[in-house]
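Note sheet for the following structure.
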Amino acid sequence: MALWRSVSTVCCSSLGSRSAVVPLRTCSIPATRIRASSSAVDRTRPAFEDVDEKLLEPVERSQWDPREGKQSNFYPKKGQDIELVCDSLAYKGHGVCKVVDTGFVLLCERALPGERLIARVLRKRRGFAEAYKLKTISVHDNAVVAPCQHFGDCGGCKTQNLAYHAQLYEKEQQVHHLIARIGRFGFSQPEGPTGSYLKPIVPCSMEYHYRNKMEFSFGTQKWVPAVSYNAVSGNEGTEESQQTLSVTTQQSEDFVLGLHAPKRFDRILPINECLLQHDVANQILKKVKTYCSANSEKMPAYNAHTHKGFLRHFMIRTGSDSNTGSLQVMVNLVTSSFQPELVQPLVSSLVKEFPQIVSFVNNVATGVGNTSQSAEEQGFARKPYNYRNPERNSLRNFRQFILPDEYPTEVLYRIVEDGCSLRGDGTEIILDLFCGTGTIGLSIAKGAKHVYGYELVPEAVADARRNAERNGIMNATFIQGDLNKLKDDFNQEFPKPDIVITDPNRPGMHPKLIKYLLKLKARRIVYVSCNPSTCARDLDWLCHGGEGGLEPQTYRLVSVQPVDMFPHTPHIECVCVLDLIE
């Protein structure tokens, strides 16, 4: 079969649950980049000139209406108000919308599947455009009332007004399309060439109050939306409540505590409560807000422009005592200088009113950067850690990255353990990459001969070692190292593993690490991902070699298990299992 050397139409890779044929500018593609295939899936597979980190962003291109069989001549202008129909959700939660009576695609925040709306074009891209919603004409499918008083303003829970079962469907379809197209595995179906690799998405057992960590910021500039999003979305039901969304306003105040306004480093949206965190954490937030506001002359909020002020950030982390199951709370107050005479009265007041607080830490951030991490840390109350792990006592602190939802994390770890499929005879070596505090490796160490964990953050490695000692686990070794900068002696620190667990951050794995794993040839790889887009890219390299071929070379994809750990947000976790081709 002749090889394609020019492509004028491609099938969009991120259109949620529905595909659309769209045009691209004619481009020359080397013969080595495309392998001919007779399957229908391969014939509609998209071809990209550059497959790189741009895959982190959803790319929507459509100027073709497949239903009418003719090209649309519609090209919207910036600032134009147009009527749209939302077709699906793209990765990261943007609504994939089409202009009525055309096939032109726009990405629109807050638009949900089935919704008919008026939107204003914000910016134009090559072959598509971005817009923001002005008002709802007819509500979307599976519409519900968002319970949060800050919904739509803080930018966090974008899909609270979509029924949870519909959220699950959209997330599962997003993962399916990314793995099928970017990973080039085709669509999961029993009769297909790759079989049925996609498992049904695992829902979160808690729709609210699932986060164990929240970070709030102090500031001097209060940000208030000019129009409530609930009014824009039509929840109020009156004509006045559905007027055009105007520009948000800024109010100058001496003190405000809340969350950063979307895409703004200097403006703070006041938060009274967050439905994602524990009720006790909300009560502590209110107490701190009241106390610091009343003492704002002595403890002024930090000004992001002048770099003056004392109070910078406030963090709350909740957990459970590993023995009694009782609630434990860690509090971290970030200030611009260390002044214990100002902080101690707040500590005493909080500990007296909330006995659940087991630790109060004061981080001192003297730099001008907007960060809550600092080298100087002062302890004020009780233990420096809290504990929680389904089967193990696990040390934690604020410096480490830990999934911010405790109970869904337990489900994720069990899925990872099942994916490893240990024989149970205690003869297998496990290599745990990006291991953090070692919670995954330690939870399955009982069935392995030895676990070797690698992590970049020194504090996390130290805690992983203490976790192993605390739980009496002698067959675990944790090593500090940068997996993006592999050394020549990397594989000399452990024997050849039977199973590799890799849990990278959002950018995915470095190409050098992927090439190392291909040479290592472990029997099984369990890939835990928080970004299905980069996960699909890495799976393509591991299974297809990334050279344009489709035939499995080193590994074959066994299963992809989506796990929803963050309801009402666009985030989704995946556990992928790969087996070595003997």
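Values below: all heavy atoms of this structure, side chains included; hydrogens, waters and symmetry mates excluded.
The NE2 atom of His140 lies 9.5 Å from the CG atom of Leu89; values are rounded to the nearest 0.5 Å. Atoms CD and CG, on Glu115 and Asn161 in that order, are 7.5 Å from each other to the nearest 0.5 Å. The OH atom of Tyr291 sits 6.0 Å away from atom CE of Met299, with the distance rounded to the nearest 0.5 Å. In this structure, the separation between CD on Glu170 and OG on Ser88 is 6.0 Å, given to the nearest 0.5 Å. Put simply, CD on Gln160 and CG on Leu162 are 11.0 Å apart, with the number rounded to the nearest 0.5 Å. Taken from CG in Asn272 to SG in Cys148, the straight-line distance is 9.5 Å, to the nearest 0.5 Å.
Considering only heavy atoms from C-beta on, Leu483 stays 4.5 Å or farther from Leu456 through its side chain. For the pair Gln149 and Glu273, the minimum side-chain heavy-atom distance is below 4.5 Å. Using a 4.5 Å heavy-atom cutoff, the side chains of Tyr527 and Cys574 are not in contact. A 4.5 Å side-chain heavy-atom check between Ile201 and Ile572 finds at least one atom pair inside the cut-off. The shortest side-chain heavy-atom distance between Leu311 and Thr335 falls under the 4.5 Å cut-off. Contact of the Phe360 side chain with the Leu333 side chain is registered, since non-hydrogen atoms from C-beta on lie closer than 4.5 Å.
Partners of Phe265 by ring-ring contact (aromatic ring centres under 6.0 Å, His included), not counting sequence neighbours, listed by chain and number: His305. In this structure Ser348 satisfies the side-chain hydrogen bond (donor to acceptor under 3.5 Å, both in side chains) test together with Gln344, sequence neighbours excluded. Not a single ring-ring contact (aromatic ring centres under 6.0 Å, His included) links His260 to another residue, sequence neighbours left out. Among residues two or more places apart in sequence or in another chain, the salt bridge (Lys or Arg N to Asp or Glu O under 4.0 Å) test is passed with Lys287 by Glu353. For Phe478, the ring-ring contact (aromatic ring centres under 6.0 Å, His included) test picks out no residue, with sequence neighbours left out. When the salt bridge (Lys or Arg N to Asp or Glu O under 4.0 Å) test is applied to Glu172, no partner is found at least two apart in sequence or on another chain.
Distance alone, capped at 3.5 Å, places no donor-acceptor pair between the Asn212 side chain and the Arg317 backbone.
Ring geometry, Tyr210 versus Phe566: the interplanar angle exceeds 60°, so the pair is classed perpendicular (tilted spans 30 to 60°).
In summary, the side chains of Asn467 and Thr439 do not present any donor paired with an acceptor at a separation below 3.5 Å, with no hydrogens or angles considered. Checked by atom type, the side-chain pair Thr318/Gln277 shows no donor-acceptor distance below 3.5 Å.
Of the options Lys171, His571, Gln167, a side chain to side chain donor-acceptor pair (under 3.5 Å) to Asp564 is made by Lys171 and by none of the others.
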Self-check item: Criterion ring-ring contact (aromatic ring centres under 6.0 Å, His included) on His568 and Tyr208, from CA distance to verdict
Solution: CA-CA 9 Å; His568 316 299; Tyr208 294 97; 4.5 Å; yes

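Here the closest non-hydrogen pair linking Phe314 and Val288 is CZ-CG2, 3.5 Å. Smallest separation of non-hydrogen atoms from His278 and Val280: ND1-N, 3.0 Å.
Heavy atoms from other residues, nucleotides or ligands lying under 6.0 Å from CD of Glu341 number more than 12.
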